[in-house]
Amino acid sequence: MNIAGVIVDVPAKQTDKTFDYKIPDKFLDVIKPGTRVIVPFGPRKIQGFVTELKDQSSFAKLRSIIEPLDLTPVLNEELLLLGAWLTEHTLSYKISVYQAMLPAALKAKYEKKLVLSKGTERSELPNDLVDLFLDHREIKWDDAVAKGLVQKLQKEAAAGRVEVVYQVKDRVRKKMLKHISPALETEQLQAARTELPSQASGQQAVIDFFLEHPEPVEQRLLLTTLGISQATVQSLLKKGIVKTEELEVYRDPYSERKFEKRVSLKLTVEQETAIRPILSSIETEQHEVFLLYGVTGSGKTEIYLQSIQEVLRKGKEAIVLVPEISLTPQMVTRFKERFGDLVAVMHSGLSAGEKYDEWRKIQRKEVKVVVGARSAIFAPFENIGIIIIDEEHETSYKQEENPRYHARDVAIQRAKTFACPVVLGSATPSLESFARAQKGRYTLLSLPKRMNNQALPAVEIVDMREELRSGNRSMFSVRLFEKIKDRLEKKEQMVLFLNKRGHSSFVMCRDCGYVMNCPHCDITLTYHRYNEQMKCHYCGYEDKVPTVCPECHSEHIRYFGTGTQKVEEELLKLIPEARIIRMDVDTTGRKGSHERLLNAFQDGQADILLGTQMIAKGLDFPNITLVGVLSADTMLNLPDFRSSEKTFQLLTQVSGRAGRHKLPGEVVIQTYSPEHYSVELAGTQDYDRFYQQEMLMRKGHQYPPFYYLSLVTVSHEELMKAVAVTEKIAQFIHSRLSKDAVVLGPVASPIPRINDRYRYQCLIKYKKEPELSTALKSILEHYQQEMGSGGLQISVDLNPYIMM
DNA sequence: AGCACGCCGACT
DNA sequence: GTCGGCGTGCTC
């Protein structure tokens with residue numbers, strides 16, 4: 001077994017296979033499947049993943065692996081298999097999949113350099129090159145290019161005075177710090193202490209310290225805790241009483257914070273009923289998917305925590321996925337309080353180094369629980385006992401770049417391997433999941449009541465068309481404004497929510513709320529400034545922008561868009577004394593600012609929390625008694641068949657922020673389409689009826705969960721080329737599928753041009769098409785050459801969430 | 001993805 | 001006659 005099959009770090013169709021290399025004898029015991037290695041590849045050196053070991057290769061002359069990058073494989077057998085599965089299910093390159101499974105820090109960086117050859121002196125070079133190597137024997141290739149000296153240098157290279165060197169670098173180094181530890185056993189240490197001169201109090205203190213704690217301690221820490229100087233340590237070192245070593249330390253993003261240990265809460269009867277099947281699945285080690293459907297504030301988190309506790313008791317590990325946006329300090333705290341140091345946290349707020357350290361803790365089995373966003377699903381645990389996905393309906397679980405995976409699918413796949421349960425939790429489950437629960441593929445667990453029977457907040461829907469009619473042109477309705485003033489007087493807090501994702505413009509009548517829809521697709525038409533047209537991105541339908549409302553003939557018809565900053569300004573104009581904290585991408589950009597703003601709000605430093613998406617979830621402040629949604633429509637009018645579902649989910653989530661504790665909560669939803677079922681039913685928090693209604697729509701228009709979707713997006717600099725290729729692809733797919741499948745397109749993508757590239761797409765709706773994957777693969781194969789050089793790009797998304 | 005090899009246009 | 005354009009094909 002001295003040959004390794006290696007997947008090389010070159011994301012291209014032609015290199016998407018294993019390359020065989022000889023393993024040098026000295027690395028035979030280190031290199032295993034899952035190890036990263038540096039291999040020669042053509043003239044360069046690149047990183048690769050060993051995926052298999054073998055005795056024979058069909059290749060006659062093999063080159064050798066240069067060196068391994070890991071002492072322990074970064075991918076274990078299960079993850080390698082999972083990678084193969086993912087490749088198949090996302091049609092991505094193997095290398096992209098493996099890289100997606102690991103922290104970015106493990107991705108190689110490459111450097112191309114020019115080095116003075118051995119035995120060559122700087123003075124032997126031509127005059128204009130001498131300075132380049134002034135105080136090093138090497139220079140960066142890019143610098144040489146910038147100075148326009150490449151040709152000259154290449155001549156030197158041909159003459160053997162300069163060499164081109166390729167280097168593979170790790171992105172992040174392990175953080176090493178100097179540690180001190182005793183060099184002697186306890187008794188000898190004791191003896192050494194007595195031999196010290198009596199005035200050597202510092203040295204005595206150090207020995208006393210090590211008699212208590214014999215393990216290595218960071219030097220800086222030792223000096224400060226004992227109040228001694230470096231010199232003291234030096235003399236002990238000379239005497240051979242202590243020794244130093246460089247040890248890896250973790251960057252701990254939570255080191256500053258103290259967590260009080262909390263114990264389990266008593267479960268309510270409902271929670272008790274809901275948790276039982278989960279516990280039994282853990283107990284009997286039977287894979288099962290649970291949909292934990294519980295209204296906001298019904299205590300889902302406590303069920304997660306206690307299930308995990310049971311898993312840990314069995315000596316197994318747990319993965320908890322939380323949407324990036326709600327991976328709030330509050331959430332992390334609850335897990336840290338319960339499980340202390342056994343928890344690793346992974347989210348985008350961490351630096352690459354911090355993420356890597358958290359990952360290392362998992363790999364080294366120093367933690368048992370990981371709480372993290374999407375990519376935490378790849379946590380390298382080897383004995384998973386449960387996978388929990390909170391806010392299961394969130395679309396951020398779907399990765400929108402290659403590999404285009406859905407964390408839910410990966411979770412189920414891994415859980416099958418480990419024969420453990422998956423718990424999908426949500427107050428507003430995705431239609432897909434709820435439908436599966438209805439069909440019995442998932443086990444439905446319900447928590448219909450809030451804990452301590454707190455009533456759901458009263459929701460009032462305000463018709464903004466009425467407001468306009470009665471002369472109120474501001475963005476606050478009379479009702480909402482009254483309530484804001486009332487809360488300010490009572491010194492209670494409130495949250496104002498503005499959905500910012502309404503940017504893709506749509507046209508709406510301010511008088512009657514009429515929004516232009518596509519007659520064939522039930523999807524909002526998008527306004528295009530460049531040709532003053534309304535357009536459907538699903539079927540290509542086009543219409544003129546109306547000057548008067550087709551419905552009520554009003555002239556107040558215009559397109560929409562507004563921002564948090566504008567709301568803040570207007571609010572301050574009306575109520576100058578209001579203390580507002582604004583949370584959006586602008587104010588939370590810097591690291592830690594998210595947490596700081598929320599803490600400020602919690603401490604009562606502001607009355608109003610104004611924000612976008614990010615304040616919709618997970619917040620749990622006792623003093624919030626009013627939630628205002630400024631415009632419920634923005635999301636409803638996105639060109640997306642899930643827009644109703646997203647609107648309902650969002651409104652329900654936001655409403656759930658109010659009155660979670662002693663004070664009752666109120667919600668005001670402002671809208672131009674109060675009669676739309678997603679708004680209306682969010683008002684009564686009636687998921688079940690929403691589900692029924694939305695399922696009818698989906699069935700009628702052949703959308704998930706009745707049909708699967710696949711999306712092929714073609715882009716090219718030339719419009720005609722993009723259209724023509726998409727057309728051919730559509731025809732080809734059509735010919736390969738059964739008559740039950742629907743192939744739509746070519747249609748311009750919702751973003752028809754990015755970076756001067758025209759984008760066309762083809763949407764496939766189908767129930768069961770075993771040939772589809774093969775067909776898509778052969779398309780990618782067929783256009784391979786053109787994708788390399790001709791500037792053509794084709795991307796395939798099996799089960800897209802964003803239609804762009 | 002790089003990089004080398006190789007075959008056609010504008011220059012010393 | 002040469003330098004250099006980027007099309008084509010390969011990397012174990």
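Here is how names work: the chains are called A, B, and so on, in the same order as the sequence lines, proteins then strands, and each is numbered from 1.
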Original post:
Are A:Y166 and B:dG2 close enough that a side-chain N or O sits under 4.0 Å from OP1 or OP2?
Top reply: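 No, no such contact exists.
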
Subject >> Under-4.0 Å side-chain N/O to phosphate OP1/OP2 contact, A:K112 with B:dG2 >> reply: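 No, A:K112 has no side-chain N/O under 4.0 Å of OP1/OP2 on B:dG2.
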
Going by heavy atoms closer than 4.0 Å, what residues in [range] are next to DNA chain C?
| range | result |
| --- | --- |
| residues 34-45 of chain A | A:P40, A:F41, A:G42 |
| residues 5-23 of chain A | A:Q14, A:T15, A:K17, A:F19, A:D20, A:Y21 |
| residues 48-67 of chain A | A:F59, A:K61, A:L62, A:R63 |

Original post:
Is there any ring-ring contact (aromatic ring centres under 6.0 Å, His included) pair reaching into residues 14-33 of chain A, and which pairs are they, with sequence neighbours excluded?
Top reply: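 Qualifying pairs: A:F19-A:F41.
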
**OP:** Hey, could you give me each pair passing ring-ring contact (aromatic ring centres under 6.0 Å, His included) that has a residue in residues 111-134 of chain A? Not counting sequence neighbours.
**Re:**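 Listed once each, the pairs would be none.
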
Subject >> Cation-pi geometry met for A:K765 and A:Y703 (6.0 Å, 45°) >> reply: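 The answer is yes; both the distance and angle limits are met.
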
Original post:
Under 3.5 Å, side chain of A:K13 to main-chain N/O of A:Y783, donor-acceptor pair present?
Top reply: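 Here the side-chain-to-backbone pair does not exist.
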
What's the [atom1]-[atom2] distance between [X] and [N], to the nearest Å?
| X | N | atom1 | atom2 | value |
| --- | --- | --- | --- | --- |
| A:W141 | B:dG2 | CH2 | C1' | 11 Å |
| A:D142 | B:dG2 | CG | C1' | 13 Å |
| A:I46 | C:dC10 | CD1 | P | 17 Å |
| A:I95 | C:dC12 | CD1 | C1' | 15 Å |
| A:Q154 | C:dG4 | CD | C1' | 13 Å |

Original post:
With a 4.5 Å heavy-atom cut-off, do A:H136 and A:L116 have their side chains touching?
Top reply: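 Of all side-chain heavy-atom pairs linking A:L116 with A:H136, none is under 4.5 Å.
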
Original post:
Looking across every strand, which nucleic acid part, if any, lies under 4.0 Å from A:Y93 by heavy atom: base, sugar-phosphate, or nothing?
Top reply: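 It contacts nothing in the nucleic acid.
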
Could you give the side-chain donor-acceptor pairs of residues 408-415 of chain A under 3.5 Å, partners two or more places apart or in another chain?
from: A:R408; atom 1: NE; to: A:E392; atom 2: OE2; distance (Å): 3.4
from: A:R408; atom 1: NH2; to: A:E392; atom 2: OE2; distance (Å): 3.2
from: A:Q413; atom 1: OE1; to: A:W85; atom 2: NE1; distance (Å): 3.3
from: A:R414; atom 1: NE; to: A:E78; atom 2: OE2; distance (Å): 2.9
from: A:R414; atom 1: NH1; to: A:I377; atom 2: O; distance (Å): 2.6
from: A:R414; atom 1: NH1; to: A:A379; atom 2: O; distance (Å): 2.9
from: A:R414; atom 1: NH2; to: A:E78; atom 2: OE1; distance (Å): 2.9
from: A:R414; atom 1: NH2; to: A:A379; atom 2: O; distance (Å): 3.1

Original post:
Between A:S715 and A:R759, does a side-chain hydrogen bond (donor to acceptor under 3.5 Å, both in side chains) hold up when you go through it step by step?
Top reply: CA-CA 4 Å; A:S715 75; A:R759 309 168 78 242; 5.6 Å; no

**OP:** Report, as yes or no, whether the 6.0 Å neighbourhood of atom NZ on A:K54 holds more than 12 heavy atoms from other residues, nucleotides or ligands.
**Re:**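 Count over threshold, so yes.
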
Original post:
Can you tell me if CG on A:D25 sees more than 12 non-hydrogen neighbours from other groups inside 6.0 Å?
Top reply: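 It does not: A:D25 CG has 12 such atoms or fewer within range.
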
Original post:
Of A:L772, A:L780, A:T774, which meets side chain to side chain contact (heavy atoms under 4.5 Å, CB included) against A:L776?
Top reply: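 It is A:L772, the one option of A:L772, A:L780, A:T774 that forms the side chain to side chain contact (heavy atoms under 4.5 Å, CB included) with A:L776.
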
**OP:** Would you sort out whether A:H406 and A:Y801 count as a ring pair (Phe, Tyr, Trp, His ring centres under 6.0 Å), showing the intermediate values?
**Re:** CA-CA 9 Å; A:H406 197 299; A:Y801 269 71; 5.2 Å; yes

